[in-house]
Amino acid sequence: MASWVLSECGVRPLPRIISRSRTGVVHGSPSKNRISYPNKGVSDLNFSSIRVSNGLSRERNWFLRVSAPLKVSSVDEDERGVNGIEDEADFNPGAPPPFKLADIRAAIPRHCWVKDPWKSISYVVRDVAVVFALAAAAAYLNNWLVWPLYWAAQGTMFWALFVLGHDCGHGSFSSNPKLNSVMGHFLHSSILVPYHGWRISHRTHHQNHGHVENDESWHPLPERIFKSLDYVTKKMRFTAPFPMLAYPFYLWKRSPGKTGSHFHPDSDLFMPNERKDVITSTVCWTTMAALLVGLCFVVGPIQVLKLYGVPYWGFVLWLDFVTYLHHHGHEDKLPWYRGKEWSYLRGGLTTIDRDYGVINNIHHDIGTHVIHHLFPQIPHYHLVEATEAAKPVLGKYYREPKKSGPLPFHLFGSLVKSLKEDHYVSDTGDVVYYQSDPDLINNSSNSN
């Protein structure tokens, strides 16, 4: 059963998931386990508690080169509990789902799992051709009426290149590890992303999605860490557009409460046997940076800034905007998990699909995110079909995205609302929801 999840990307084993009765109650020795709800007190229940580590200890963990958990079988028939999901008013998104990961997989057509390397390469050829065509046209016209249009278009194309490299990292680009690595380095190094460093941390994100402490990307801050931040840091983190410029800094220093760098082979992110991969990617990144410096002497720093620098920051805006909204900003509060309440399936079901209008095709349907998170081996060109096939199984656990116009302007409201309201989660409880800091909200309102 594990063969369908194998690929050349790496994943470490998941925590053991506790089986449940049909009432959804966790069986174990009686002690306290807390479920924390947004802006409410914490209620004590007679569950069993479990201590959660950050899952990155070198001594206690090991990795296999697979792109999803090796075995996700403990979300079994016992978790098909009656949790009111038939009644819209009683639906609890934090309750265990009445289906298994295997049920979703069985609903997806067999051909959706097939990787076509020639088709993947054709997308690379298309996108690279557009990138060079845009740059050539902008340099030739060299008109200040044209440059803003170029920056918006080229920033979007840099983001499209990232998404193709993202497929390489998951092994959905092809079944050939060497081809995935070569293409991944070419695509990501060209936009100053360390391919293997990113690939490994992104693997951690997928295998721990929806986990408060163990997730890697846009995970919530526990209350103790949030309150330890100074006011300026809080404002920068929760006031647009500053969080949308975070990615380069994240690559160097990660998120608050975590240590390590995507460039350093001895970082907490990596295992000793991954040193060569990390060094290779750092060398490729450095080579690209040196090439850009060299171009400054050839065509001048202003021209490099206009042709590459501004589009690079456009790409960063796209990356942070899209990845943040994959996990935040839904009109309903969505749960985050710890301990025995977390499972690969339940964590994956907290992700959100988004519609980006005409951008969907340009950035390779990355907004079709729920099925991608559960089954990252599926190539991007099959994600829409796979999602449609899985919807009857997912039921209310799938949140239909709001339809976009030609451009996804509607998502800016979701972003701003989430940054205003989603500040931290409780330090206790195995099912928690975002809470708001009234002081941060009041100060933001006073400044407007």
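Atom NZ of Lys115 is separated from atom CD of Gln377 by 6.5 Å, given to the nearest 0.5 angstrom. Remark: Ile371 CD1 to Glu388 CD distance equals 10.5 Å, nearest 0.5 Å. Here OG1 of Thr387 is found 8.5 Å from CG of Leu394. Values are rounded to the nearest 0.5 Å. Note that CG of Asn208 is 4.5 Å distant from CG of Asn214, once rounded to the nearest 0.5 Å. One distance of note links NE2 of His330 with OG1 of Thr351; it measures 11.0 Å at 0.5 Å rounding.
Listed by chain and number, the residues in a salt bridge (charged side-chain N to carboxylate O under 4.0 Å, His left out) with Arg126 amount to none (sequence neighbours excluded). Taking Lys417 as the reference, Glu421 meet the salt bridge (charged side-chain N to carboxylate O under 4.0 Å, His left out) condition, with sequence neighbours excluded. The salt bridge (charged side-chain N to carboxylate O under 4.0 Å, His left out) test applied to Asp215 returns no partner, not counting sequence neighbours. Not a single salt bridge (charged side-chain N to carboxylate O under 4.0 Å, His left out) links Glu385 to another residue, sequence neighbours left out. Not counting sequence neighbours, the partners of Ala107 by the side chain to side chain contact (heavy atoms under 4.5 Å, CB included) test are Val393.
Counted by atom type alone, Thr259 and Asp268 present one or more donor-acceptor pairs between their side chains at under 3.5 Å. Side-chain atoms of Arg199 and His202 include no donor-acceptor pair closer than 3.5 Å. A side-chain N or O of His205 and one of His373 form a donor-acceptor pair less than 3.5 Å apart. Donor-acceptor pairing under 3.5 Å is lacking for the side chains of His188 and His166. When only modelled atom types and interatomic distance are considered, Tyr195 and Asp277 share no side-chain donor-acceptor pair under 3.5 Å. In the model, Thr323 has a side-chain atom that pairs as donor or acceptor with a side-chain atom of Trp218 under 3.5 Å.
Closest heavy-atom contact between Tyr231 and Leu440: CE1-CD1, 4.0 Å. Nearest heavy-atom pair, Ala386 versus Ile378, reported as atom, atom and distance to 0.1 Å: CB-CD1, 4.1 Å. Nearest heavy atom pair, residue Val193 against residue Tyr247, reads CG1-OH, 3.9 Å. Pro248 and Val316 make their closest contact through CD-CG1, 3.7 Å (heavy atoms, listed as atom of the first residue, atom of the second, distance).
When side chains are defined from C-beta on, Pro96 counts as touching Arg346, because their heavy atoms get closer than 4.5 Å. The shortest distance between side-chain heavy atoms of Thr287 and Cys284 does not fall below 4.5 Å. Looking only at side-chain heavy atoms (C-beta outward), Ile362 and Met157 come within less than 4.5 Å of each other. No side-chain heavy atom of Thr350 sits less than 4.5 Å from a side-chain heavy atom of Trp336. Ile200 is listed as a side-chain neighbour of Val278, based on a closest heavy-atom distance under 4.5 Å. Side-chain contact check for His423 versus Gln435: every heavy-atom pair is 4.5 Å or farther apart. Here the side chains of Trp159 and Phe321 are not in contact, with every heavy-atom distance at 4.5 Å or above. Side-chain contact between Pro379 and Asp116 is absent, with no heavy atoms from C-beta onward closer than 4.5 Å.
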Notebook entry, point to check: Given the rule in the side-chain contact (heavy atoms from CB on, under 4.5 Å) test, do Leu251 and Leu192 qualify, once you have shown the distances and angles that lead to the verdict?
Noted result: CA-CA 10 Å; Leu251 290 176; Leu192 294 177; over 6 Å; no
Margin query: I'd like to know whether Asp353 forms a side-chain contact (heavy atoms from CB on, under 4.5 Å) with Tyr398, so could you lay out the CA-CA distance, the side-chain angles of the two residues, the decisive distance to 0.1 Å, and finally the verdict.
Written below: CA-CA 8 Å; Asp353 279 8; Tyr398 179 80; 2.7 Å; yes
Margin query: Between Ser418 and Tyr324, does the side-chain contact (heavy atoms from CB on, under 4.5 Å) criterion hold? Intermediate values first, please.
Written below: CA-CA 10 Å; Ser418 177; Tyr324 181 89; 2.7 Å; yes
Next item on the list: Quick one: do Tyr250 and Trp198 satisfy ring pair (Phe, Tyr, Trp, His ring centres under 6.0 Å)? Show the steps, please.
Entry: CA-CA 10 Å; Tyr250 161 74; Trp198 163 84; over 10 Å; no
Note to self: Assess the residue pair Leu349 and Leu374 against the criterion (side-chain contact (heavy atoms from CB on, under 4.5 Å)); give the C-alpha distance rounded to whole Å, side-chain angles, the decisive distance to 0.1 Å, and a yes or no.
What the structure shows: CA-CA 8 Å; Leu349 292 176; Leu374 294 174; 4.3 Å; yes
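Between the side chain of Ser267 and the main chain of Gly260, no donor-acceptor pair closer than 3.5 Å is present. For Ser120 (side chain) and Phe173 (main-chain N/O), a donor-acceptor pair under 3.5 Å exists by modelled atom type. Using a distance-only test at 3.5 Å, with no hydrogens or angles considered, no donor-acceptor pair links the side chain of Thr233 to the main chain of Leu229. Ser189 places no side-chain N or O within donor-acceptor distance of the main-chain N or O of Phe186, the cut-off being under 3.5 Å. Although no hydrogens or angles enter the test, the distance criterion places no donor-acceptor pair under 3.5 Å between the side chain of Asp127 and the main chain of Leu161. Panel note: side chain Ser174, backbone Asn176; a donor-acceptor pair is recorded below 3.5 Å. Within the 3.5 Å criterion, the main-chain N or O of Cys168 finds no donor-acceptor partner in the side chain of Ser172. Between the Asn360 side chain and the Gly357 main chain, a donor and an acceptor come within less than 3.5 Å of each other. A donor-acceptor pair is defined here as one N or O able to donate and one able to accept, closer than 3.5 Å; such a pair exists between the side chain of Thr282 and the backbone of Phe263. Between the Ser181 side chain and the Pro177 main chain, no donor and acceptor come within less than 3.5 Å of each other.
For Phe270 and His264, the gap between ring centers reaches or exceeds 6.0 Å. Side-chain rings of Tyr123 and His380 approach one another, their centers coming within less than 6.0 Å. Side-chain rings of Phe158 and Trp318 stay apart, their centers remaining 6.0 Å or farther from each other. Two rings, from Phe226 and Tyr424, have their centers less than 6.0 Å apart. Taking the six-membered ring wherever Trp is involved, the centroid distance between the rings of His209 and His327 does not fall below 6.0 Å. Between Tyr381 and His364, the distance separating the two ring centers is not shorter than 6.0 angstrom. For His196 and His262, the ring centers are positioned 6.0 Å apart or more.
Using a cut-off of 4.0 Å between Lys/Arg side-chain N and Asp/Glu carboxylate O, Glu216 and Arg254 are scored as salt-bridged. With respect to Arg338 and Asp430, no salt bridge is recorded, no charged nitrogen being found less than 4.0 Å from a carboxylate O. With respect to the salt-bridge test (charged N to carboxylate O, under 4.0 angstrom), the residues Asp422 and Lys333 qualify. With respect to Asp332 and Arg399, no salt bridge is recorded, no charged nitrogen being found less than 4.0 Å from a carboxylate O.
Within the structure, salt bridge (Lys or Arg N to Asp or Glu O under 4.0 Å) contacts touching residues 369-380 (residues at least two apart or in different chains) do not occur.
More than 12 non-hydrogen atoms from other residues, nucleotides or ligands lie less than 6.0 angstrom from NZ of Lys119.
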